[in-house]
Structure formats: structure tokens, C-alpha cells
Amino acid sequence: MTKATITGIDGKGAGSIELPIVFETPYRPEVIHKVYVNLTSHGYQRQGRYPGAGENVSAESRNTGLGIARLARARGEGFPRAGQAAGVAGVRHGRVAHPPESWKHIYKKINHKEKQLGLCSAIAATARRDLVEGRGHKLAKDVKLPLIISNDIESVAKAKDLIKALSTLGLSDDLVRAGSTHKVRTGTARRRGRSARVGTSALVVVGDDAKALAIKSIPGVEVKTAKEISVIDLAPGSKPIRLTIFSQNAVEQLKDVKAPIHKVMEMIR
């Protein structure tokens with residue numbers, strides 16, 4: 001078993017802890033990507049068009065000999081719509097050629113073992129500094145990964161106290177980076193509820209009864225329990241791997257998370 005140093009919220013050492021076997025999972029970026037794509041599809045909303053849109057019009061072709069194209073045209077005369085092309089694709093007020101269909105299969109299933117391997121691989125990748133910095137996170141030189149903090153972080157109930165604790169750990173530059181990418185959109189995205197784009201910073205993984213779970217106002221910082229984290233949290237955009245901070249309680253709960261290969265090894269023993 002590999003040991004890791006525990007850091008207090010004051011930045012000082014607070015002992016050491018044995019890392020669970022999940023941190024020994026091989027790095028599999030292709031599995032992480034597949035799991036992310038399939039899990040993201042579970043939140044898609046079906047959309048479609050009315051099948052008769054653009055076709056509910058009395059139209060027929062006038063055939064040849066008139067010096068006009070043989071398109072179906074609205075019947076009648078004496079009003080603007082009469083004689084205009086209708087009921088076909090590619091014309092004004094016509095139907096859409098290939099509209100979205102509400103019955104399209106957009107829910108992508110994934111094997112349980114494959115999903116578990118992707119999660120374990122993502123958790124193990126949080127201990128690699130090259131991957132974390134390669135994603136764009138900024139760490140102080142003395143920061144050692146995996147970053148494990150004492151359980152005092154779970155009793156923090158205010159955003160300013162959590163910011164202070166993260167800054168003490170050497171993550172102040174990353175908080176500034178995430179805050180500087182906070183941009184307000186205009187146009188369609190804003191009207192549809194996606195008014196702001198926020199950068200991604202640290203993910204804090206805590207136990208079940210942590211007060212810090214209520215903190216949601218720090219740009220880019222998320223607080224999750226060890227039981228609810230997924231590849232979507234650990235690799236946003238399927239790009240490994242996010243800067244992750246574990247509390248002692250969270251590390252203890254991760255002992256129950258094992259990759260399929262580890263379960264097989266236990267059976268052989």
C-alpha cells in the first residue's frame with residue numbers, strides 16, 4: 001500500500017494515510033472518454049418536430065410547358081401565397097429536409113464493469129501532477145498529489161473559509177484562473193439559461209455529513225461526497241484530469257471502490 005501525507009487546513013502536516021487500492025488502477029484515457037460520453041447522454045432531452053410541419057398545405061405541381069419549375073405550388077389565385085412553392089424541402093415556408101426525430105435513440109448504455117474501470121482510472125489519475133497541470137490547473141511547487149486534507153475541511157460552512165483553506169494549500173492561482181474565465185454570454189445562450197460560462201477549478205471530495213456540501217458560490221469549485229462522484233465530475237469535457245482534494249473520510253470510503261481487475265485479484269488470493 002502506498003502512503004500519502006495528510007495536510008491540515010492550516011497548511012501544516014497532519015500525519016499520513018494508506019491510499020486505497022483504487023489509486024493503483026492503470027490510466028485508461030480511452031475508457032474515461034467513453035464512460036463520460038455515455039453518462040452525459042443520460043441527461044439529454046429528446047426533441048423532435050411535428051411530422052406535418054410545412055406539409056399541411058394544398059399544393060400540387062403545374063407540370064411542364066409554363067416556363068416554371070415543376071415544384072408543388074400552393075393552389076388558388078388572388079392572394080400572395082397562391083403559386084408559391086410549398087410542401088417540399090428547400091423553399092420558403094417549406095418542410096425541413098431531415099428534422100430531428102423524437103424517437104431517435106440517444107440514451108447510450110454502458111457496461112457496469114467498463115463504467116467502474118473508467119471511474120477507478122479517473123480517481124487514480126488525480127494523483128498524477130502531469131495530467132492535472134496538463135489540463136490547465138495551476139499548482140504551487142510544493143503541492144503533492146494526491147491532495148489529502150484533514151477532516152476539518154468538512155466542518156467549514158462558509159465560502160470565505162473554504163477559499164482561505166484552498167489558498168493555504170497552494171491553490172490560490174488556480175482559483176484566480178477559474179474566476180478570470182467567468183464570462184457572461186449574450187444572445188440565444190443567455191435566453192436559454194446559460195447566461196455565464198464559468199471555469200473549472202478544484203473538486204473537493206468529502207464524507208456524507210459535511211457542512212461544506214452547502215458551499216456552491218465559489219466559481220469553478222464543487223463539493224461532492226465520495227459516494228456520488230463520477231467521471232463527469234473528475235474529467236469535465238472528458239479531459240483528464242481535474243484537480244481533486246480528498247478528505248480523510250472520503251479516502252476511507254474509497255476503500256470500497258475497486259476496479260474489476262482488483263476484484264479478480266482478491267478472488268485469486
Side-chain angles (χ1 to χ4, degrees), residues 1-25 27 116 118-129 131-133 135 137 139-172 174-175 178 200-218 220-236 240-259 262-263 266:
M1 287 289 184
T2 307
K3 286 192 175 183
T5 304
I6 301 174
T7 308
I9 58 175
D10 56 356
K12 299 179 180 180
S16 61
I17 188 172
E18 287 188 354
L19 292 177
I21 195 173
V22 67
F23 283 92
E24 299 178 6
T25 308
Y27 176 53
Q116 193 70 7
L119 175 61
C120 294
S121 180
I123 294 174
T126 59
R128 292 184 53 175
R129 188 184 180 104
L131 296 177
V132 174
E133 291 183 333
R135 197 180 185 280
H137 293 288
L139 309 176
K141 294 182 179 180
D142 58 341
V143 175
K144 296 182 180 179
L145 298 180
L147 194 53
I148 301 175
I149 195 169
S150 63
N151 289 330
D152 296 336
I153 193 71
E154 299 185 356
S155 60
V156 174
K158 292 185 177 181
K160 64 178 182 180
D161 296 333
L162 182 58
I163 293 175
K164 183 179 179 181
L166 295 178
S167 300
T168 305
L169 293 174
L171 309 181
S172 56
D174 195 64
L175 295 176
T200 302
S201 186
L203 172 68
V204 184
V205 183
V206 295
D208 296 330
D209 301 323
K211 295 181 180 178
L213 290 170
I215 301 175
K216 300 178 181 180
S217 60
I218 306 175
V221 177
E222 291 183 87
V223 184
K224 299 274 186 175
T225 63
K227 292 182 179 180
E228 68 180 0
I229 58 171
S230 71
V231 174
I232 296 178
D233 301 316
L234 294 168
I241 193 73
R242 186 176 185 179
L243 172 61
T244 309
I245 304 166
F246 300 93
S247 69
Q248 286 180 262
N249 289 336
V251 173
E252 292 294 331
Q253 292 182 12
L254 288 178
K255 291 182 178 180
D256 298 330
V257 180
K258 298 176 183 177
H262 296 145
K263 295 180 179 181
E266 289 182 352

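Note that the numbering runs from 1 along the sequence shown for the chain. A quick note: this is a predicted structure, and the numbers were derived from the prediction, not measured.
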Give, for atom [atom1] of [X] and atom [atom2] of [Y], the distance between the pair rounded to the nearest 0.5 Å.
| X | Y | atom1 | atom2 | answer |
| --- | --- | --- | --- | --- |
| Thr244 | Lys224 | OG1 | NZ | 12.5 Å |
| Leu234 | Leu243 | CG | CG | 11.0 Å |
| Lys144 | Leu169 | NZ | CG | 14.0 Å |
| Thr7 | Lys12 | OG1 | NZ | 13.0 Å |
| His137 | Leu175 | NE2 | CG | 11.0 Å |
| Glu228 | Asp208 | CD | CG | 8.5 Å |

Derivation of the side-chain contact (heavy atoms from CB on, under 4.5 Å) call for Ser150 and Gln248: CA-CA 6 Å; Ser150 63; Gln248 286 180 262; 3.7 Å; yes

Close side-chain approach of [X] and [Y], heavy atoms under 4.5 Å:
| X | Y | result |
| --- | --- | --- |
| Cys120 | Val257 | yes |
| Ile17 | Glu252 | yes |
| His262 | Thr25 | yes |

Closest heavy-atom pair and its distance - [X], [Y]:
| X | Y | value |
| --- | --- | --- |
| Lys211 | Ala157 | CB-CB, 4.2 Å |
| Val223 | Val206 | CG1-CG2, 3.9 Å |
| Ala125 | Leu131 | CB-CD1, 3.9 Å |
| Val143 | Arg129 | O-NH1, 2.7 Å |
| Gln253 | Ala226 | OE1-CB, 3.4 Å |
| Ile215 | Val156 | CD1-O, 3.9 Å |

Pair Leu166-Ile245, side-chain contact (heavy atoms from CB on, under 4.5 Å): steps then yes or no: CA-CA 9 Å; Leu166 295 178; Ile245 304 166; 3.3 Å; yes

From Thr126, Leu203, Ile149, Leu147, residue fulfilling side chain to side chain contact (heavy atoms under 4.5 Å, CB included) relative to Phe246: Thr126

Working for side-chain contact (heavy atoms from CB on, under 4.5 Å), residues Val205 and Asp233: CA-CA 10 Å; Val205 183; Asp233 301 316; over 6 Å; no

Is it true that a side-chain atom of [X] and a backbone atom of [Y] form a donor plus acceptor pair closer than 3.5 Å?
| X | Y | value |
| --- | --- | --- |
| Glu154 | Gly207 | yes |
| Asn151 | Asn249 | yes |
| Arg135 | Pro236 | yes |

Full working for side-chain contact (heavy atoms from CB on, under 4.5 Å) between Ile241 and Tyr27: CA-CA 11 Å; Ile241 193 73; Tyr27 176 53; over 6 Å; no

Between Ser201 and Asp174: side-chain donor-acceptor atoms closer than 3.5 Å: yes

